[in-house]
Amino acid sequence: MAGFDIAIDRTRCMGSGNCSFWAPNTFDLDDEGLSFVVDPQGDDATKIQNAANGCPTQAITLTVSGASEVAPPGR
């Protein structure tokens, strides 16, 4: 199963912590209070997607890696 390539626009991040709430093994906040990726495969795809969707400033961008391996939605 494919995962995500995760990009965080730290100029948009406000440090709400929503990402680390939804996917705590993937995201954390640094000493500046901004999000960073701890482990891009730390949580399952649903949790990572919820983290990106829950970002109030839409600072997280997910790109499907290995798209040819991803099952269609609902499978």
Pairs of donor and acceptor atoms involving the side chains of residues 53-64, under 3.5 Å and at least two apart or interchain, shall be tabulated with distances.
unit_1: Asn53; atom_1: OD1; unit_2: Gln49; atom_2: NE2; d: 3.1
unit_1: Asn53; atom_1: ND2; unit_2: Gln49; atom_2: O; d: 3.4
unit_1: Thr57; atom_1: OG1; unit_2: Arg12; atom_2: O; d: 2.9

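A distance of 5.5 Å separates CD1 in Ile8 from CZ in Phe27, rounded to the nearest 0.5 Å. The structure places CD1 of Ile48 at 11.0 Å from SG of Cys19, a figure rounded to the nearest 0.5 Å. A distance of 10.0 Å separates CG in Asn50 from CZ in Phe21, rounded to the nearest 0.5 Å.
Shortest non-hydrogen contact noted between Gly33 and Leu29 is O-CD2, 3.9 Å.
Between the side chain of Asp5 and the backbone N or O of Ser65, no donor-acceptor pair lies under 3.5 Å. Asp28 contributes no side-chain N or O that, together with a main-chain N or O of Val38, makes up a donor-acceptor pair within less than 3.5 Å.
Among pairs with a residue in residues 30-39, those fulfilling side chain to side chain donor-acceptor pair (under 3.5 Å) read Arg10-Asp30, at least two apart in sequence or across chains.
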